[in-house]
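Convention: sequence-line order gives letters A, B, ...; per-chain numbering from 1.
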Amino acid sequence: MEFYKTLEMWYLNNKRDLPWRKSSNPYFVWLSEIILQQTRIQQGLSYYNTFTNHYPTVLDLANAKEDNVLKNWQGLGYYSRARNLHFSAKYICNELDGKFPTTYKEIIKLKGVGDYTASAIASICFNEKTAVVDGNVYRVLSRYFNIDIPINSSKGIKYFKELAQELIINANPKEYNQAIMDFGSMVCKPQNPNCENCPLENGCLAKAKNMISSLPVKEKKIKIKNRYLNFIVFTNGEQTILEKRTGSGIWQNLYQFPLLEFDEIATQKELIKKPLLKDYNTSTIKLFNPEPWVHKLSHQHLFTQFWIVDTQNISQTNSVHWENIDNFAVPKLIHKFLDSYKTK
DNA sequence: CATGCGTGGGA
DNA sequence: TTCCCAAGCAT
């Protein structure tokens, strides 16, 4: 049986029951695909439900405030996805008359939508023959055809996309694209793939050559940078100060306590040299966590300390009542602090 | 085009 | 503990 047919047959009997598969409404499929970028289904599922409940249509999403969209995205990470989702919803409503684009070529123009996502939506919703190439597809194809071209090299990206596109030619694109991804995540897994019960085992070159565990090949490891962040938690008992992160780094447009960054773990002595704290008596500045909390991002390790500053002088501009603080979208780290601080 | 962007789960 | 990595994209 041909490669595509085997996968389609497997999918028929093994596909997972997922909420976004109940409809081919491109808005719902788009939502699910953005949420699932670099994210496990288990992690994204509740967010999908939140978004479809809060924003049942693309117009509801377009009419929302970005702060609200980010609040609903809080905790999921890669927050540019939420910002781009919101941006694109407005684009669809304002420029496309509220009609979701129907071809790969038009769909990929949406911010936050690249080759993979455009292929997924175009095939799943409009049955266009555009092959998806995600992490699962890289793994399945590199193993089945025993290809050791690094999947994150420009050569590899081109090679696998072309191969995937050849394999979909005679397939039912909607079924086949989802089949190869489900198959990759359930059978041809990164670790301990289930080769014993694999319907593709006969033709699998990596299996024959005992290469399964070394494929796919990925080159370049990321370099992790250490940062030392000190969050200043001003409080008069009722209010505190929050500021919105701007610029291009992590957590863009989320909220945090005023931040002082150093090249190493800071002491109170160094802290009070900063303009933000120079007028405060050292006795009013207390370190909340004597042992720095290490928050690990994919590219950075953040060594973080929270300093509580008791003061009656809370500026009106960025003041927030403690009782309202949960209305703000904050990074996981800040949320962890709030949890810990409240229960103290 | 190499790098930056979150978080959580599993080995 | 540490490492990998999970339905990628923007710049």
Side-chain angles (χ1 to χ4, degrees), chain A residues 15-16 18-21 28-48 70 73-85 87-88 107-124 130-140 150-158 160-161 164 176-186 188-193 213-214 216-225 227 245 247-254 294-302 329-336:
Chain A
K15 69 172 163 187
R16 287 173 289 190
L18 300 168
W20 45 89
R21 287 183 175 164
F28 291 145
V29 173
W30 174 50
L31 270 182
S32 73
E33 291 299 342
I34 300 298
I35 287 171
L36 293 177
Q37 286 169 4
Q38 298 288 283
T39 303
R40 287 185 170 79
I41 287 173
Q42 199 50 42
Q43 194 189 355
L45 208 44
S46 68
Y47 288 85
Y48 177 79
L70 284 171
W73 198 271
Q74 175 178 306
L76 192 56
Y78 284 154
Y79 297 94
S80 67
R81 291 183 292 172
R83 297 190 302 269
N84 289 334
L85 196 63
F87 180 95
S88 294
I107 295 169
I108 201 169
K109 290 179 183 168
L110 302 177
K111 242 189 194 177
V113 172
D115 175 69
Y116 162 76
T117 304
S119 300
I121 299 172
S123 61
I124 293 172
T130 50
V132 294
V133 183
D134 72 334
N136 293 305
V137 176
Y138 280 123
R139 191 167 55 255
V140 172
I151 60 172
N152 55 351
S153 64
S154 47
K155 184 182 173 190
I157 292 168
K158 187 167 180 289
F160 282 99
K161 177 71 183 183
Y176 170 79
N177 270 343
Q178 297 185 89
I180 192 168
M181 290 190 286
D182 261 23
F183 177 79
S185 68
M186 297 165 71
C188 196
K189 299 175 290 182
Q191 281 88 30
N192 306 316
S213 62
S214 51
V217 172
K218 193 183 276 189
E219 66 185 9
K220 310 162 196 164
K221 33 250 160 225
I222 54 168
K223 202 166 174 185
I224 292 176
K225 172 177 153 193
R227 298 177 67 183
R245 288 186 67 92
S248 56
I250 57 174
W251 301 329
Q252 190 186 342
N253 293 3
L254 275 67
V294 185
H295 187 75
K296 294 179 178 180
L297 310 180
S298 46
H299 288 69
Q300 305 177 12
H301 287 180
L302 309 179
V330 297
K332 201 74 183 174
L333 171 68
I334 303 295
H335 188 255
K336 175 185 166 183

[X]: which residues meet the salt bridge (charged side-chain N to carboxylate O under 4.0 Å, His left out) condition with it, sequence neighbours left out?
X	answer
A:Arg40	none
A:Arg245	none
A:Lys189	none

Measure from [atom1] on [X] to [atom2] on [N] and round the result to the nearest Å.
X	N	atom1	atom2	result
A:Gln252	B:dG4	CD	C1'	12 Å
A:Asn253	B:dC5	CG	C1'	14 Å
A:Leu297	B:dG6	CG	P	7 Å
A:Leu45	B:dG8	CG	C1'	15 Å
A:Leu254	B:dG6	CG	P	8 Å
A:Trp73	B:dG6	CH2	P	12 Å
A:Leu85	B:dC5	CG	P	21 Å
A:Trp251	B:dT7	CH2	C1'	11 Å

Handout entry: A:Tyr176: ring pair (Phe, Tyr, Trp, His ring centres under 6.0 Å) partners, not counting sequence neighbours
Key = none

Handout entry: Pairwise P distance, C:dA7 and B:dA11 [rounded to whole Å]
Key =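 Rounded to whole Å, the distance is 15 Å.
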
Practice task
For nucleotides C:dC4 and B:dG6, find the distance between their C1' atoms and express it as a whole number of Å.
Solution key: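 C:dC4 and B:dG6 have their C1' atoms separated by 15 Å.
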
Practice task
Mind telling me whether A:Tyr47 and A:Trp73 have parallel, tilted or perpendicular rings, with 30° and 60° as the class edges?
Solution key: tilted

Practice task
On DNA chain B, check which nucleotide each of A:Lys332 and A:Ser153 is closest to and give me the residue with the more 5' one.
Solution key: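 The 5'-side residue here is A:Ser153.
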
Handout entry: Toward the 5' end of DNA chain B, by each residue's nearest nucleotide, A:Lys223 or A:Leu333
Key =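 It is A:Lys223, whose closest nucleotide lies nearer the 5' terminus.
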
Exercise for the section: Report which part of the nucleic acid A:Ile34 touches: base, sugar-phosphate, or nothing (heavy-atom distance under 4.0 Å, all strands). Expected result: nothing

Practice task
Have a look at A:Gly249 and say if it touches a base, only the backbone sugar-phosphate, or nothing, with a 4.0 Å heavy-atom cut-off.
Solution key: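 Sugar-phosphate contact only.
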
Would you mind writing out the side-chain donor-acceptor pairs for residues 107-123 of chain A within the sub-3.5 Å range, not counting sequence neighbours?
residue: A:Lys109; atom: NZ; partner: A:Glu106; partner atom: OE1; Å: 3.4
residue: A:Lys109; atom: NZ; partner: A:Glu106; partner atom: OE2; Å: 3.3
residue: A:Asp115; atom: OD1; partner: A:Tyr104; partner atom: OH; Å: 2.6
residue: A:Asp115; atom: OD1; partner: A:Lys161; partner atom: NZ; Å: 3.0
residue: A:Asp115; atom: OD2; partner: A:Lys161; partner atom: NZ; Å: 3.1
residue: A:Tyr116; atom: OH; partner: A:Glu33; partner atom: OE1; Å: 2.7
residue: A:Thr117; atom: OG1; partner: A:Gln37; partner atom: NE2; Å: 2.9
residue: A:Ser119; atom: OG; partner: A:Asp115; partner atom: O; Å: 2.8
residue: A:Ser119; atom: OG; partner: A:Ala131; partner atom: O; Å: 3.4
residue: A:Ser119; atom: OG; partner: A:Lys161; partner atom: NZ; Å: 3.3
residue: A:Ser123; atom: OG; partner: A:Ser119; partner atom: O; Å: 2.8
residue: A:Ser123; atom: OG; partner: A:Ala120; partner atom: O; Å: 3.0
residue: A:Ser123; atom: OG; partner: A:Asn177; partner atom: ND2; Å: 2.9

Exercise for the section: Check whether any side-chain N or O of A:His335 sits under 4.0 Å from OP1 or OP2 of B:dT7, and answer yes or no. Expected result: no

Practice task
Indicate yes or no: at least one non-hydrogen side-chain atom of A:Phe183 is less than 4.5 angstrom from one of A:Asn136.
Solution key: no

Fill in the blank from the handout: With sugar-phosphate taken as primed atoms, P, OP1 and OP2 and all else as base, the protein-contact string of nucleotides 2-11 of chain C at under 4.0 Å (heavy atoms; B, S, -) is ---BBBBSS-

Problem - Results of side chain to side chain contact (heavy atoms under 4.5 Å, CB included) for A:Leu36 - residues two or more places apart only - result: A:Trp20, A:Ile41

Handout entry: Non-neighbouring partners of A:Gln38 that pass side chain to side chain contact (heavy atoms under 4.5 Å, CB included), sequence neighbours left out
Key = A:Tyr78

Handout entry: Base-paired stems that DNA chain B participates in, counting runs of 3 or more Watson-Crick or G-U pairs under 3.5 Å
Key =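 Only these stems qualify: B:2-5 with C:8-11, B:7-11 with C:2-6.
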
Problem - Other residues, nucleotides, ligands: >12 heavy atoms within 6.0 Å of A:Glu219 CD - result: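 Atom CD in A:Glu219 is crowded, with more than 12 foreign heavy atoms closer than 6.0 Å.
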
